[in-house]
Amino acid sequence: MLKAKIIGPFSQLLTMDTIPLKGSVNDSQLEIIPNGGVVVSEGVIVKTGNFDQLCSEFHDLEIDRIEKNMVAMPGMIDPHTHICWAGSRAKDYSLRLAGKSYLEIAQSGGGIGDTVAKTRTASANNLEAFLTERATAHLLNGITTIEVKSGYCLNTEGEIKMLEVIRNVNQKLPVDLISTCLAAHIKPTNFEDSSTDYLKIVVNELLHEVMKESLSKRVDIYIDKGAFTVDEARVYLRYAKNLGFDLAIHGEQFTSGGVSLACELGAFSVDHLEMVQDHEINMLAASTVIPVALPGASLGLGCQFAPARKLLDASCSLAIGSDWNPGSAPMGDLLMQAAILGIFEKMTMAESLSAITFRAAAALGLTDRGILKIGLLADMIGFPTSDYREILYHQGTLKPSMVWKRGDIVKG
Ligand SMILES: [Zn+2]
């Protein structure tokens, strides 16, 4: 976008400005500009305010005129997905509904091993097509920045293939894909040596290459029973940090341990937290680590949610990610999941909307988006309503009818 323009008028412009990064938030803290407008130049917000005042102040600018009732807010940010995969785990899901255990499903040829086998054999072109379809669906649902993890090949060649696919799709689509190297998802089933040996190979063969080729700036590891221990993760993440990677951790989904390491190493986020303990919540509150709840995984597995209310009341930040993946979180609807977590955990609308905008940006270390204010990216979404409360009230079924990425209309 080259020319400056004014976008509006919006029935309400929900800026998400002036809300703190951490702690509980009341809806009265939301900045709502009635009859609002946004001035955009070169994809960046120049000014927000009353639409008529903006029109007289910037009278020579072109106007993207909104003719109907519309509430605009920052584009949503999904800080945790696994949407680069091949295959389907519908059969696993049917077995889970029939009461089969994780182990029984894996033994019948399902589980993550099935996704790894199919993603390894998929061509880069096919994988690009799958990722393009999912990232486009997310963008049209209002998610203008999507984190995407590797971690379904679990060998050097395949993990590089995944990260290259994410880079290529990022270059082709208007949505921003933020890639994360999750080669430390689990130890591959056909790998005979120890987990430590596997991580050594990842460090020696993969991480240097990822850094050299600028395939990702982020490294993630899954700490849990059946994945990696805290001690294994500490050695691995320290190495990654020394190489210059930003850190994220999958932690506290079924067993405790990830939070203390995230705080110790200064990770950007620790994600899952279904099993987080009180003393760990206090640790998070005193740290810069952003807790990320993944209600999509709770819904996909039929498990408890992360204790969002408790985290917020303890002055933690809280972001929400979809965890969109073929196994535990096939739904992939961030807004619906935020709405569902909100009603179960009694999160205010301000807290839920913060969790999928600027607090999610912070989980990715991004300071240039997630709020509609001067100098930030003009990533915006517009809902066909005149009252922002309708957005979460419809529990995710009211979708944005307009989406702007860097000021350009990509939907509507
Ligand atoms: Zn995940």
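None of the values given here were measured: they were computed from a predicted structure. This chain uses plain numbering: 1 for the first residue, then up along the sequence. Whatever order the structure lists ligands and atoms in, that order sets their numbers, starting from 1.
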Discussion item. Would you say Glu390 and Thr385 are linked by a side-chain donor-acceptor pair, where the criterion is simply a distance under 3.5 Å?
Written reply: no

Practice prompt. Could you tell me whether the side chains of His80 and His250 share a donor-acceptor contact shorter than 3.5 Å?
Written response: yes

Discussion item. Please report, to 10°, the angle around the Zn ion (ligand 1) from atom OD1 (Asp323) across to atom NE2 (His82).
Written reply: 90°

Worksheet item: Can you list the residues that meet the salt bridge (charged side-chain N to carboxylate O under 4.0 Å, His left out) rule with Asp224, with sequence neighbours excluded?
Response: none

Response to the item:
Per residue His80, nearest N, O or S atom to the Zn ion (ligand 1) is named NE2

Worksheet item: In His250, which N, O or S atom comes closest to the Zn ion (ligand 1)?
Response: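 Answer by atom name: NE2.
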
Practice prompt. Using the salt bridge (Lys or Arg N to Asp or Glu O under 4.0 Å) rule, take Glu67 and Arg65 through it: C-alpha gap first, then chi angles, then the decisive distance, then the call.
Written response: CA-CA 6 Å; Glu67 306 285 359; Arg65 190 170 286 278; 5.0 Å; no

Worksheet item: Of the backbone and side-chain N, O or S atoms of His272, does one lie nearer to the Zn ion (ligand 1) than 2.8 Å?
Response: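 Not a single backbone or side-chain N, O or S atom of His272 is under 2.8 Å from the Zn ion (ligand 1).
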
